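This report refers to the structure that appears directly beneath it.
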Amino acid sequence: MTEKSAHQSATVPSDHIMGVYSRTPLAFERGEGARLYATDGDVYLDCMAGIAVNALGHANPKLVQVLKDQAEKLWHVSNIFTIPGQEALAKALTDATFADVVFFGNSGSEAIECAIKTARKYHWKNGQPERLDIIGFEGSFHGRTLGAINASGNPSYLEGFGPPLPNFIHLGFGDFEAIKATVGPTTAAIILEPVQGEGGARAWPDAMLKQIRDLCDETGTLLIYDEIQCGLSRSGRLFAYEWIDGAQPDIMAIAKALGGGFPVGACLATAEAAKGMVVGSHGSTYGGNPLAMAVGQAAFEELVKPELQTHVREVAGYFTQQLSGLVQRFPDVVEDIRGRGLLIGIKLKTPNREFMQHARDEHLLIAGGGDNCVRLLPPLNLTIKEASEAMAKLERACETARARAKAAA
Ligand SMILES: *Cc1c(COP(=O)(O)O)cnc(C)c1O
């Protein structure tokens, strides 16, 4: 075996794809709702939904129809022109949120880049160009662009990419005293996920988000929420910040579920926070093109429905109750359940990567997460019946994990 192939055998061999992913040798050819059909004919229950992307399930008939119809009309023009679909989706998003204006991109990272640029430009516009500091938190994930990895609270993402960018500060998760001590005359913004996703489904305490909002008001600091994962009804409300009175942001990044699987991201802001973003400040070639906007509008029409949010709370309630039983029956495997709505973290005592494999052996797909968690991120329209099927599979995965741990001891 050559050195090259020996290295690649740790993951799925691929000669021509940059080796940045640890891939499972499993490929799918079709999806329907919460089911994924593998190329080998096996059927899987999907409780990760492309990491919170396929929120309305695979091959959602409404989205498929809208995509087909739009594909026959117009895909792309350019942001030089007026794009009616952008205006319609921006109106729907601003009607439903704190925001007045929206910038459309194609991913979460791009939404984050826009959020950071918007915050700094605001202070520049106010005659305070020294307000550059972006305060983020340990365990956070904001994406993989150079700006986003500097905002993220995981030093491993920065390794080998040169010195960290100046003016990015990281504090402990949930440490309000540290925030109070750090916010000052050079602070531009605080950036946080109301419920951390990749970090392991950790929700900020409600009362603390209100304290942070108040501190931002007192100090003229902008508050940026990253609701790329926890937003769009996954928490059981349209946005996770709605669970807390008076804790809305000035700027918010969203993506993932927004296109239901089609790449769409957006940065939402108040008119005040966005006042520095004028002609020439920012842009994106593909961002908000007619095809993306058609699918985005159709997806958002579903995601915004109160019935969907009620359903999410019901299914989440079922999971929470069942999972607490799992903690009791498998105290040697499961340590804790956390998260909000259908962003559920299961903190394990056995290795999470192995547990994901045990779940896959049961034909259940779940996501990994920081802090030795696995995450359940099912389509939001998962039925209680499917949820109970997922629980039975998780129970068997716990049995396997227990047996493995005993054999190793
Ligand atoms: C996925 C994610 C991102 C990055 O989104 P991309 O579309 O991969 O660029 C940023 N923040 C959070 C919270 C995410 O979950």
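Values in this document were obtained by computation on a predicted structure and should not be read as measured data. First listed ligand is number 1; within each ligand, the first listed atom is number 1. Heavy-atom basis, side chains included; hydrogens, waters and symmetry copies ignored.
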For this session: Take atom CG of D245 as the centre, draw a 6.0 Å sphere, and report whether it contains more than 12 heavy atoms from other residues, nucleotides or ligands.
Result: no
For this session: Please indicate whether R396 has more than 12 foreign heavy atoms, meaning atoms of other residues, nucleotides or ligands, lying under 6.0 Å from its CZ.
Result: yes
Exercise. Relative to the ring of Y241, is the ring of F239 parallel (under 30°), tilted (30 to 60°) or perpendicular (over 60°)?
Worked result: parallel
Problem set entry | Check: G143 N/O within less than 3.5 Å of ligand 1 N/O | no
Exercise. Where do D206 and R340 land on the salt bridge (Lys or Arg N to Asp or Glu O under 4.0 Å) test, with the steps shown first?
Worked result: CA-CA 12 Å; D206 289 356; R340 188 157 230 172; 3.0 Å; yes
Exercise. Which atoms from ligand 1 have a heavy atom of E193 less than 4.0 Å away?
Worked result: 13 (C)
Exercise. Do N381 and E302 meet the criterion of a side-chain donor-acceptor pair at a distance under 3.5 Å?
Worked result: no
For this session: Would you mind running through ligand 1 and noting each atom that sits below 4.0 Å from a heavy atom of S107?
Result: 7 (O), 9 (O)
Exercise. Got the closest protein heavy atom to atom 7 (O) of ligand 1, with its distance?
Worked result: G108 N, 2.8 Å
Exercise. Hey, does I112 sit under 4.0 Å from ligand 1 if you only count heavy atoms?
Worked result: no
Exercise. To which protein heavy atom is atom 2 (C) of ligand 1 closest, and what is the distance rounded to 0.1 Å?
Worked result: K256 NZ, 2.5 Å
Problem set entry | Enumerated ligand 1 atoms positioned under 4.0 Å from heavy atoms of Q229 | 15 (O)
For this session: Around atom 11 (N) of ligand 1, find the nearest protein heavy atom and jot down its residue, atom name and distance.
Result: D226 OD2, 2.7 Å
Problem set entry | Between S233 and Q309, a side-chain donor and acceptor under 3.5 Å | yes
For this session: State whether the number of non-hydrogen atoms from other residues, nucleotides or ligands found under 6.0 Å of K62 atom NZ is greater than 12.
Result: yes
Problem set entry | Candidate with minimal heavy-atom separation from atom 8 (O) of ligand 1, of G265, S109, G197, P263 | S109
Exercise. If you measure every N/O of F141 against every N/O of ligand 1, is any gap under 3.5 Å?
Worked result: yes
